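Reviewing the structure listed below.
Here the structure is a predicted model, which is why all the values come from computation and not from measurement. We use all heavy atoms of the structure for the numbers below, so side chains are in, but hydrogens, waters and symmetry mates are not.
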Amino acid sequence: MSKHDPYGAPAKPDSNCRTCTDFKYWSKQQRQIFHKADTPKEAKPESRAAVPEGCPLDKVALGRATWGLLHTMAAFYEDNPTDNQKKDMKTFIDVLSRVYPCEYCSKDFRKDLKEHPAQVNSQYEFSQWLCKFHNRVNVKLGKSQFDCSKVNERWRDGWLDGSCD
Ligand code: FAD
């Protein structure tokens, strides 16, 4: 469960992982580990506390940034990709699912990919596949689902009401 630090620092649990949790919860964990007097209170696993500017990402900030990259890649993917472009995108998604630095997110990602392999035959197909994948994560986290008919408004063209112009 816990490892002993040969340099005398307090033992840390194996699950201590900043990118597997959110900043507020993580910093509370650290206080509990290093200052035992700190009274533990109920942690909020999906706290929206922002990571301070210039600090390492937590699970929430990492997730937002990664979704931003993925949806933007899908937004600007080719309508008629070549075989190489399809192969590259499949490889990218496959590798990401193995190296994503949140262990249990990455495990679920790989499981989801087996059930729903990436669809990369066109911009429409890939952005819809990604939107549905993101929605499955949203459902798992108890969040509302995004309307996938609006994915290009959100990530490529800007909202029809002109609020992004
Ligand atoms: P996010 O979910 O990060 O979404 C960012 C923005 O994308 C939203 O503001 C919205 O405008 C837009 N959006 C939302 N849904 C969709 C959609 N379906 N299609 C298009 N656009 C959309 N966290 C965990 O706690 N457990 C996990 O197992 C986990 N797995 C993850 C797996 C992956 C591959 C990634 C990239 C992230 C994962 N996360 C996980 C992080 C989690 O999904 C969120 O990124 C994080 O909780 C922050 O959520 P958020 O509410 O800021 O919005």
Side-chain angles (χ1 to χ4, degrees), residues 1 13-30 32 40-53 55-79 81 85-164:
M1 174 75 180
D14 287 342
S15 61
N16 176 32
C17 167
R18 186 168 172 139
T19 52
C20 299
T21 185
D22 66 76
F23 181 75
K24 203 170 168 186
Y25 180 57
W26 181 85
S27 52
K28 189 181 286 277
Q29 268 187 327
Q30 299 306 298
Q32 284 168 13
K41 291 191 190 123
E42 191 65 28
K44 290 184 192 161
E46 272 300 318
S47 160
R48 291 293 181 277
V51 171
E53 181 73 25
C55 295
L57 301 187
D58 67 358
K59 182 186 67 176
V60 171
L62 174 71
R64 273 180 206 147
T66 306
W67 288 123
L69 172 67
L70 288 173
H71 288 297
T72 306
M73 285 173 72
F76 294 96
Y77 190 61
E78 295 290 329
D79 287 327
Q85 286 168 325
K86 291 184 207 174
K87 193 169 152 246
D88 283 348
M89 193 57 85
K90 279 227 172 222
T91 302
F92 180 88
I93 297 291
D94 182 54
V95 171
L96 181 66
S97 77
R98 286 185 275 123
V99 300
Y100 191 72
C102 158
E103 204 177 316
Y104 60 84
C105 308
S106 143
K107 193 173 160 213
D108 283 359
F109 190 174
R110 291 195 300 276
K111 186 164 172 263
D112 191 279
L113 262 185
K114 276 194 187 142
E115 288 162 21
H116 307 275
Q119 293 175 11
V120 296
N121 288 317
S122 66
Q123 191 276 332
Y124 176 79
E125 196 180 277
F126 183 46
S127 58
Q128 288 298 307
W129 171 82
L130 186 60
C131 182
K132 288 172 191 158
F133 167 47
H134 193 166
N135 272 340
R136 288 190 291 278
V137 176
N138 289 340
V139 167
K140 182 176 80 172
L141 301 181
K143 298 182 188 183
S144 51
Q145 296 197 56
F146 186 88
D147 177 356
C148 290
S149 71
K150 298 196 181 338
V151 82
N152 282 345
E153 270 182 75
R154 170 66 179 88
W155 294 103
R156 189 186 68 184
D157 307 326
W159 298 109
L160 289 179
D161 66 8
S163 55
C164 301

Mind checking the [atom1]-[atom2] spacing from [X] to [Y]? Nearest 0.5 Å is all I need.
{"X": "F76", "Y": "Q123", "atom1": "CZ", "atom2": "CD", "answer": "9.0 Å"}
{"X": "L57", "Y": "C102", "atom1": "CG", "atom2": "SG", "answer": "12.5 Å"}
{"X": "M89", "Y": "T91", "atom1": "CE", "atom2": "OG1", "answer": "10.5 Å"}
{"X": "L113", "Y": "F133", "atom1": "CG", "atom2": "CZ", "answer": "6.5 Å"}
{"X": "R136", "Y": "Q145", "atom1": "CZ", "atom2": "CD", "answer": "10.0 Å"}
{"X": "D112", "Y": "C105", "atom1": "CG", "atom2": "SG", "answer": "12.5 Å"}

Are the side chains of [Y] and [X] in contact, using a 4.5 Å heavy-atom criterion?
{"X": "L70", "Y": "I93", "value": "yes"}
{"X": "T66", "Y": "L96", "value": "yes"}
{"X": "D79", "Y": "Y124", "value": "no"}

Provide the closest heavy-atom pair for [X] versus [Y] in the form atom of the first, atom of the second, distance.
{"X": "P81", "Y": "S122", "value": "CD-CA, 4.0 Å"}
{"X": "P117", "Y": "K90", "value": "CB-NZ, 4.2 Å"}
{"X": "Q119", "Y": "W129", "value": "N-CG, 3.7 Å"}
{"X": "N121", "Y": "E125", "value": "N-OE2, 3.1 Å"}
{"X": "L62", "Y": "P101", "value": "CD2-CG, 3.8 Å"}

Donor-acceptor pair between Y104 and K59 side chains, under 3.5 angstrom: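 A donor-acceptor contact under 3.5 Å links the two side chains.
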Given 3.5 Å as the limit, does a donor-acceptor pair link the side chain of [X] with the main chain of [Y], or not?
{"X": "Y77", "Y": "V120", "result": "yes"}
{"X": "S106", "Y": "S97", "result": "yes"}
{"X": "N135", "Y": "N138", "result": "no"}
{"X": "W155", "Y": "L69", "result": "no"}

Audit row: V60, V51, side-chain contact (heavy atoms from CB on, under 4.5 Å) steps and yes/no: CA-CA 9 Å; V60 171; V51 171; over 6 Å; no
K107 atom NZ, neighbour heavy-atom count above 12 within 6.0 Å: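 Counting neighbours around NZ of K107, 12 or fewer heavy atoms of other residues, nucleotides or ligands fall under 6.0 Å, so no.
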Residues R98 and D94 bridged, charged N to O under 4.0 Å: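 D94 and R98: salt-bridged.
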Geometric class of the H71/H134 ring pair [parallel <30°, tilted 30-60°, perpendicular >60°]: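 The rings of H134 and H71 lie parallel, inter-plane angle below 30°.
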